[in-house]
Participant: 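Dumping the structure here so I can ask a few things about it.
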Amino acid sequence: MKQKIAIKIPGYAGVLLLLAFLVCFMNKVDTSLIYYWQQSVALPVGEALQYPGGISGLLGDRFLECLVRPVFGSFMLAIFALGFIISLAVIFRKEKNKPVFFVLLSASMIPLFFLFPDYKFPFHSIMMVFTAQVLTAILSLYTPGNKVANFLYLLAGGLILYLFSGVPGLIILAQLIVIRSFISKKYHQLILLPSLFVIPLIYLPFNLSYSLKSAYLGTLVIPDYGLPLIYLILILIPILFFLILSGMNQAFSKISAKRQTLISGVLVIIMLAGIYPLTKSKINESVKNTLQIEQASFTKDWDRVLMLATKLEVLNRQKQVAINRALANSGKLLDSLFWTPQPLAEKGIFLEDDKLNSRWALYLSDFYYDLGYASETRHWSMEAQMVLMRNPLVLKNLIISTLAQGDIMFAKKYLKILSQSPLNKDWCEQIDEKISNNSILDDIEIARFVDNNPNRDFFAGNAFPIVKLSEFYENNTDNYLAFEFLIASYLFQNEVDMVVNKLTGFRSFGIEKLPRNVEEAILIYMMKTKADTLSELDYSVSQNTIKDFKEFNRLMIASKNMDDAKHLVSKYRMSYWYYFLFTSPYRSNK
Amino acid sequence: MKLNRLIHIPLIIVFFSLNLFIGCNTSPSDFLESDQTLEIYPDYTEIIVPPNIAPMNFRIENEGDKFKVELSNTKAGKISIRTSSGVVEIPLKKWRKLLNEDKGGRFSISVFKKNKGEKWMKLKPVSNEISRDEISSYIAFRKIPASYILWNEMGIYQRSVENFEETPIMVNAVTDKNCMNCHSFNAGDPNQFLFHMRTKFGGTIILNDDSLSFLDTKNEYTRSAGVYPSWHPDGNLVAFSVNQIRQKFHSKKGNLIYVFDQYSDIVLFDIGKNTTTRPIELASDNLENLPTWSVDGNNLYYICSDPYIDTLPYNTKKYNLMTIPFEKESRKFGQADTLLNAADFGKSITFPRESPQKNIIAFIGADYGYFSIYNPEADVYFYNTETRQVSKPEINSDFTESYPSWSTNGSWLMFISKRKDGVLSQVWFSHVDENGRAGKPFVLPQKDPDFYESQLYNFNRPEFISEKVNLNPRKILSRVKKGTKSTGINEQGSVSATSGATATANPLKDEGEIYQHN
């Protein structure tokens, strides 16, 4: 009795402490980013049942919706982990009185600490292991006495596991068979193993779209990841658990209850002490920051984008695009365009290029959504849909842009799919109601798209996005966002003459005072051409800008060479002049 | 033992309840006649149906809590179904019997509906004609989501028209998500079949009876691999177009995309000799495209337009319908003739297909271009080869109709239409009688009547097949892995790549985007 208590006290404490730590840890990870990256409307059950691991995919999609609120999400992941270890406890229920049983049970959660912070690691794959372990635990509750019945029982279980959890399911069931054989010393049960791995072959005639390779490896090897060691460990936890438990049991069996408590307690503390630095290193702040910026830009939380941008460590193209969008949507684009370095120039606005993929297509779709450009929003949403088939962000952009183009029947199809997501059901019902009431064109977003529909058709190729933007602006000269992005594009390309050519545009928007970066460009233009452009246009450059320009010039003249100049004028690094001379990829051309 | 009994009792109850339920499947004796017309989805009303078509499952759109459905022919055959959801799934065997025992007759759909606390009401029934003409038992199509630059999953599938069995012939899941297109059969023969794959594992798969080959049809004479194919009825030759295809995206509400050719010619591929011939008659400066053999193989129909000029407005590009006689023995072409001039007709002509029976060439008429799947105004037209008259069958909609093809007996026209949502294409059928009159079209039946409400795939290039193709992705993959076999050129019968359209149209100048793998 004392020994049982000795095992349970540190064990339960360890499990609870680790779960509590998981909640705190996941909160720091920010579970909402897992949802943001992997969100997808779950497939209907009938469709999910048609391929191995489909049900786990469905459950994974459903579960991901719980992660949208970070605190609640952390709690749900802890529940998930608890379910994971309970199933393990059921599998090893006969060993529960062995020393370090609970310590090992707690330790089995560790791979989850490593996988969850990788926001992009497919949750479907983790769910496959989870469902496999739960189903295996259920299967372990009963053992037919008859050998043939046992064989059929496990084969049927294997089929179910394969459909629910793919090959990870078969591997976990195989571990159960091995463990049982060794515990009961009935090694003939191992004969069942080969039959288990014949199951994918049985499945093949039912799905001609699967090759032998995809039947065996399709659910095991993860795109972009392969078969990471930590995932493999997660799949192999039952056998690892068994081996360590058996080994440690030998060492602990002759130790007194008091010492067992002490050693178990020490092991728990070591585990907790070890897990903290190990898991902390798994939080990649740069990736987190990028995803947070993208997430905020999709929710149109522009202040948050700019706030997060101040924590930037590494600038990449997606971040630059998100920051420029945030600046534009906050009305700061042409005043603070060079607030961050812009080494990517116009590529920091437009993502169209040779490296297109569905994720970039989604960013593009959202960019054109901001502009109110229905055709391109729809076009890029459809491209995004190739891989992100049921992604709610893609579906929403499709619904709005197709409705704006009058394709109500098509929009309804997407509404029907999106409404299957509990998170998006209300939004869908609101849109559906507007369609039913014939008041969809009164929707502010849709009305904006309708107003911006070009009067004249032109071809919106993706080879020259600035030309496309220019055409779009010429067709919608009251679209200030399009105008701003166009001016920013010219600034990026050091086309100061084009900026000057478009100055009348500011007048048409009722802007009396030109934005700072535009003033800076005008001063460069005037210096280059000696033209008195401003008096012709009835615009003036503020005295502050002129004063700074004079100072900038004085420093440039005083410098010995360009390196020296760059150093001397570094206090103007957020000016257009600095970009024009030192950081623009176009600087040698102008 | 006790436990076993406990299990058995509910089973017995369920069994008897089911029997009782089935027994109750008769029409109500006490009901009111309603002036409400029965509305069903998909619209399977006032149509002519093939006697061997799959059950036309439907959903009742009229509101009600309970429904009793009766399908009856004029020979007293009857199927009764009860439903509370409004979804009607017709048992295959009973359906087959209902149609077969009254070929040339009619069948009607009667629906009784009941709301809570009200009496049964009989809706005004609808009626359909049962044709004597059977439809080819299989069709093949490509399923691909709607996209323009990127792609992900796609495949070429075969579907039994007589039931709901659908199996893949090839899917790109086994070939690293490459692109596959332009599947083609020799007059619906499942043993003579080809299709192309692009990017990874690029080449043309040709099944010729028992021989499965994987060929690279591109050579220095043609500049592009074979694109749009047509099998000569003799089975030895395939006419291919060779094209430089580009696309542009519209900005204004209405059209989405414009697909066009910078150049195109037509070449002949000899399957037995594994050689390509580039006949001078079909390699001019003009854009020869979309070859299709006449049923007897003595003529090649195709479409033709002036050379591509990038400065001309896109909507002025129109294609004529052409014919050129072909001498089978010498394999020589005669003098090309314009069957239908686009300028006279007022529309661009594309996708011509001659009927096996009735001197009709079905084709698509669009305002411009040839890639009519993106032209909402594109409609099906008939050209009568005897009277040289054009007629427009009443099978068209306000949305795109494209890619017509004929059943092997010529009684059924199959085409794709986007009428359900304006964006995705589905397969539609229409009966065409001996006078060339087309019946009201109906969509390919699905087991789930709401299938088209949520599916996100286009059905491309539907082709009739007389039987099931004995190929599947794994068989094709094993051949593809061995690599392509190069093809030769019949120099005697060919003009060189430095003459004709491929030379004058500059293939290096890209205006649109090429398709790209995602």
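Naming convention: chains lettered A, B, ... in sequence-line order (proteins, then strands); numbering from 1 in each chain.
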Participant: Determine whether A/M389 and B/P145 make a side-chain contact, defined as any pair of heavy atoms from C-beta on separated by less than 4.5 Å.
Facilitator: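 With C-beta onward as the side chain, the pair touches.
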Participant: Which bit of A/F472 is near chain B, if near means a heavy-atom gap under 4.5 Å: side chain, backbone, both or neither?
Facilitator: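 Contact with chain B involves no heavy atom of A/F472 at all.
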Participant: Side chain of B/N152, backbone of A/M386: donor and acceptor closer than 3.5 Å?
Facilitator: yes
Participant: Could you tell me which of A/K416, A/M382, A/K413 has the largest number of non-hydrogen atom pairs under 4.5 Å with chain B?
Facilitator: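 The option with the most such pairs is A/K413.
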Participant: Where does A/R456 contact chain B at under 4.5 Å (heavy atoms): side chain, backbone, both or neither?
Facilitator: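 Only the backbone of A/R456 comes within 4.5 Å of chain B.
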Participant: Against chain B, label A/Y373 side chain, backbone, both or neither, depending on which of its atoms sit under 4.5 Å from a heavy atom there.
Facilitator: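 The side chain, not the backbone.
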Participant: A/Q405 versus chain B, heavy atoms under 4.5 Å apart: side chain, backbone, both or neither?
Facilitator: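 Both backbone and side chain.
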Participant: Provide the closest heavy-atom pair for B/A173 versus A/S209 in the form atom of the first, atom of the second, distance.
Facilitator: CB-O, 4.3 Å
Participant: Where on A/W380 is there a heavy atom nearer than 4.5 Å to chain B: the side chain, the backbone, both, or neither?
Facilitator: side chain
Participant: Can you classify the ring geometry of B/F249 versus A/H379 as parallel (below 30°), tilted (30 to 60°) or perpendicular (above 60°)?
Facilitator: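 Parallel: the ring planes of B/F249 and A/H379 meet at under 30°.
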Participant: Would you mind telling me which of B/Q455, B/K475, B/E153 has the largest number of heavy-atom pairs within less than 4.5 Å of chain A?
Facilitator: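 That would be B/Q455.
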Participant: Name the member of A/N475, A/D407, A/L204 that forms the most heavy-atom pairs with chain B at distances under 4.5 Å.
Facilitator: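 That would be A/L204.
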Participant: Give the minimum heavy-atom separation between A/M409 and B/R419, together with the two atoms involved.
Facilitator: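 The pair with the smallest heavy-atom distance is CE-O, 3.8 Å.
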Participant: Which heavy atom in B/I149 sits nearest to a heavy atom in A/E383, and how many Å separate them?
Facilitator: N-OE2, 2.8 Å
Participant: Let me confirm one number: the OG-CD distance from B/S251 to A/E376, rounded to the nearest 0.5 Å.
Facilitator: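 It comes to 6.5 Å.
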Participant: Tell me, side chain or backbone of A/Q385 under 4.5 Å from chain B's heavy atoms, or both, or neither?
Facilitator: side chain
Participant: Select, from B/V171, B/V423, B/N472, B/L477, the one with the greatest count of heavy-atom pairs under 4.5 Å involving chain A.
Facilitator: B/V423
Participant: Any idea which heavy atoms bring B/V174 and A/Y210 closest together, and the distance?
Facilitator: CG1-C, 4.4 Å
Participant: Heavy atoms only: give me the nearest B/L150-A/S358 pair and the separation to one decimal.
Facilitator: CD1-N, 3.8 Å
Participant: Taking the side chain as C-beta and beyond, is there a heavy-atom pair between A/F459 and B/Q247 under 4.5 Å?
Facilitator: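 Heavy-atom side-chain distance check fails, nothing below 4.5 Å.
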Participant: Evaluate side-chain contact (heavy atoms from CB on, under 4.5 Å) for A/I417 paired with B/L456, printing each intermediate quantity in order.
Facilitator: CA-CA 10 Å; A/I417 295 167; B/L456 294 174; 3.6 Å; yes
Participant: Distance check, rounded to the nearest 0.5 Å: B/M170 atom CE versus A/L208 atom CG?
Facilitator: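 Here the rounded value is 12.0 Å.
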Participant: In terms of heavy-atom pairs under 4.5 Å, which option from B/I144, B/T167, B/L424 contacts chain A the most?
Facilitator: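 Ranked by contacts with chain A, first place is B/L424.
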Participant: Between B/Y452 and chain A, which part of the residue has a heavy atom less than 4.5 Å away: side chain, backbone, both or neither?
Facilitator: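 Contact with chain A: backbone only.
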Participant: Please check if the side chain of A/D457 supplies one atom and the backbone of B/K252 the other of a donor-acceptor pair under 3.5 Å.
Facilitator: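 At least one qualifying donor-acceptor pair exists.
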